[in-house]
Amino acid sequence: MRFRTVLTRAAAVGAAALLAVTALTACGSDETDAADNPYGLLQPGVIRAGTLTDAPPNVFLKDGKFTGFDNELLRAVAGKIGLKVEFVGTDFSGLLAQVNSGKFDVGSSSITITEARKKTVDFGNGYDFGYFGLDVPAGSSITGFDQLAGKRVVVVQGTVQDDYATKQNLDPVRVPDYNSAINQLKAGTADAWIAPAEIGDKSAADSNGKIKVAAKQLSPTPTAYAVAKGDDKLREALNKGLDEVIADGTWSRLQAEYYPGRPIPADFKPGSGSVAVPSPSAAS
């Protein structure tokens with residue numbers, strides 16, 4: 001009996017020691033993971049960003065590469081905090097939910113900050129302003145937003161333009177992407193398209209005279225990158241990187257490259273608003 005008791009006690013001591021070693025190893029693993037991936041990214045060192053493929057000059061594909069003002073700015077911001085970016089194409093209607101569910105670390109698609117969207121995601125500091133553009137088929141008599149009542153107005157589903165059209169009681173036709181909206185105008189199945197102005201300008205210029213820009217108006221809120229609710233470490237890091245690319249002139253250079261000649265509203269301050277913005281000429 002005594003021999004069996006000694007063996008039982010020895011086994012218990014051994015099991016306790018094994019559990020202690022396992023616990024220490026697990027803690028060490030957690031600490032290592034936290035050090036290697038401080039922002040909790042899907043892949044350490046790489047921001048997986050959901051974006052669109054068809055919205056130039058903001059976000060689009062060129063020669064198989066994701067580019068545009070928003071995406072090139074995000075690359076520069078990520079570089080300031082020691083990260084790379086992997087872009088993945090998606091539809092705008094599902095982008096915010098995909099960010100909050102963890103499919104993407106960041107949403108990059110000229111996302112206008114709204115109170116409704118804040119219920120789904122958190123936003124970094126604003127990096128751009130925007131205008132609504134009103135595109136119509138060539139030959140249309142529509143010249144302003146006040147002439148849309150009773151017209152067949154197309155919008156991309158889930159966008160701030162969709163919100164605007166709905167609030168104006170226009171009963172808009174919702175499509176999944178910008179190409180679908182453009183095709184409706186070209187085919188004459190829509191009377192007007194409410195678009196981000198820069199995208200509307202580019203679409204009209206590329207339409208071989210089939211589409212024209214009828215009007216523009218300033219959007220009341222800025223655009224920003226979206227992160228999952230509560231992802232404060234990544235959001236704060238992006239804000240820091242954004243201020244750095246504003247200070248070193250990258251933001252001004254990209255503005256001049258992708259929006260040549262577009263005036264910047266006097267009251268718009270990108271980032272935290274505490275960083276001086278170099279002129280495009282000084283940044284080049």
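Quick note: numbers below take in every heavy atom, side chains included, and nothing from hydrogens, waters or symmetry partners. Numbering starts at 1 and runs along the sequence shown.
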Find out whether [X] and [Y] are in side-chain contact, i.e. whether some heavy atom of one side chain is under 4.5 Å from a heavy atom of the other.
X: Ile142; Y: Leu134; value: yes
X: Leu41; Y: Arg48; value: no
X: Phe92; Y: Leu52; value: yes
X: Ser110; Y: Pro196; value: no
X: Val160; Y: Thr114; value: yes
X: Tyr39; Y: Leu83; value: yes
X: Val155; Y: Val175; value: no
X: Lys80; Y: Asp248; value: yes

Donor-acceptor pair between [X] and [Y] side chains, under 3.5 angstrom:
X: Thr159; Y: Asp163; result: no
X: Ser272; Y: Asp243; result: yes
X: Arg174; Y: Thr166; result: yes

Less than 6.0 angstrom separating the ring centers of Tyr225 and Tyr127, yes or no?
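Tyr225 vs Tyr127: aromatic centres under 6.0 Å.
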Rounded to the nearest 0.5 Å, what's the gap from [atom1] on [X] to [atom2] on [Y]? Could you check?
X: Thr143; Y: Gln147; atom1: OG1; atom2: CD; result: 3.5 Å
X: Ile264; Y: Asp267; atom1: CD1; atom2: CG; result: 11.5 Å
X: Phe69; Y: Gln255; atom1: CZ; atom2: CD; result: 4.0 Å
X: Glu257; Y: Thr250; atom1: CD; atom2: OG1; result: 11.0 Å
X: Asn58; Y: Glu72; atom1: CG; atom2: CD; result: 12.5 Å
X: Ser108; Y: Phe87; atom1: OG; atom2: CZ; result: 5.5 Å

If Ile, Leu, Val, Met, Phe, Trp and Tyr residues are connected whenever their side-chain heavy atoms lie under 4.5 Å apart, and connections chain through other members, are [X] and [Y] in the same group?
X: Leu95; Y: Phe60; value: no
X: Ile211; Y: Ile194; value: no
X: Val121; Y: Val85; value: no
X: Val154; Y: Phe145; value: no
X: Leu96; Y: Leu238; value: no

Between [X] and [Y] (side chain of the first, backbone of the second, donor and acceptor by atom type, cut-off under 3.5 Å), is there such a pair?
X: Asp54; Y: Asn179; answer: yes
X: Asp191; Y: Arg152; answer: yes
X: Thr189; Y: Gln184; answer: yes
X: Ser101; Y: Gln98; answer: yes

Lys269: which residues meet the side chain to side chain donor-acceptor pair (under 3.5 Å) condition with it, sequence neighbours left out?
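Once residues adjacent in sequence are excluded, Lys269 has no partner under the side chain to side chain donor-acceptor pair (under 3.5 Å) criterion.
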Can you sort out the partners of Tyr258 under side chain to side chain donor-acceptor pair (under 3.5 Å), two or more places apart, ordered by chain and number?
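Tyr258 satisfies side chain to side chain donor-acceptor pair (under 3.5 Å) with Thr67 only.
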Do other residues, nucleotides or ligands put more than 12 heavy atoms under 6.0 Å from the [atom1] atom of [X]?
X: Asp171; atom1: CG; answer: no
X: Lys233; atom1: NZ; answer: no
X: Lys212; atom1: NZ; answer: yes

Would Asp122 and Lys229 satisfy salt bridge (Lys or Arg N to Asp or Glu O under 4.0 Å), going step by step from the backbone distance to the final call?
CA-CA 5 Å; Asp122 287 341; Lys229 294 290 290 183; 3.2 Å; yes
Partners of Arg262 by salt bridge (charged side-chain N to carboxylate O under 4.0 Å, His left out), sequence neighbours excluded?
Asp128, Glu198
For Lys151, what residues pass the salt bridge (charged side-chain N to carboxylate O under 4.0 Å, His left out) criterion, not counting sequence neighbours?
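In terms of salt bridge (charged side-chain N to carboxylate O under 4.0 Å, His left out), with neighbours along the sequence ignored, Lys151 is linked to no residue.
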For Phe132 and Tyr164, take the angle between the two ring planes, folded into 0 to 90°, and tell me which bin it lands in: parallel under 30, tilted 30 to 60, perpendicular over 60.
perpendicular
Could you tell me how the ring of Tyr178 sits relative to the ring of Trp193: parallel (under 30°), tilted (30 to 60°) or perpendicular (over 60°)?
tilted
So which atom in [X] and which in [Y] form the shortest heavy-atom distance, rounded to 0.1 Å?
X: Phe123; Y: Ile111; result: CE2-CG2, 3.6 Å
X: Val213; Y: Lys216; result: CG1-CE, 4.2 Å
X: Val99; Y: Ala226; result: CG1-O, 3.8 Å
X: Ala192; Y: Leu148; result: CB-CD2, 3.8 Å
X: Pro57; Y: Tyr259; result: CG-CE2, 3.5 Å
X: Ser109; Y: Asp70; result: C-OD2, 4.0 Å

Quick note, ring pair (Phe, Tyr, Trp, His ring centres under 6.0 Å) partners involving residues 196-224, not counting sequence neighbours, are none
Report the C-alpha distance between Leu73 and Leu242 in whole Å, list the side-chain angles of each, state the deciding distance to 0.1 Å, and finish with yes or no for side chain to side chain contact (heavy atoms under 4.5 Å, CB included).
CA-CA 8 Å; Leu73 183 67; Leu242 176 58; 4.2 Å; yes
What's the verdict on side-chain hydrogen bond (donor to acceptor under 3.5 Å, both in side chains) for Ser180 and Asp177, showing C-alpha distance, side-chain angles and the deciding distance?
CA-CA 6 Å; Ser180 299; Asp177 52 47; 2.7 Å; yes
Hey, is Glu236 close enough to Lys240 for a salt bridge, meaning N to O under 4.0 Å?
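Between Lys240 and Glu236 there is no salt bridge, as every charged N stays at least 4.0 Å from the carboxylate O atoms.
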Steps toward side chain to side chain contact (heavy atoms under 4.5 Å, CB included) verdict (Asn125, Arg235):
CA-CA 9 Å; Asn125 290 332; Arg235 179 180 56 80; over 6 Å; no
Which ILVMFWY residues can you reach from Leu42 by hopping between side chains whose heavy atoms are under 4.5 Å apart?
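So far as hydrophobic clustering goes, Leu42 is joined with none.
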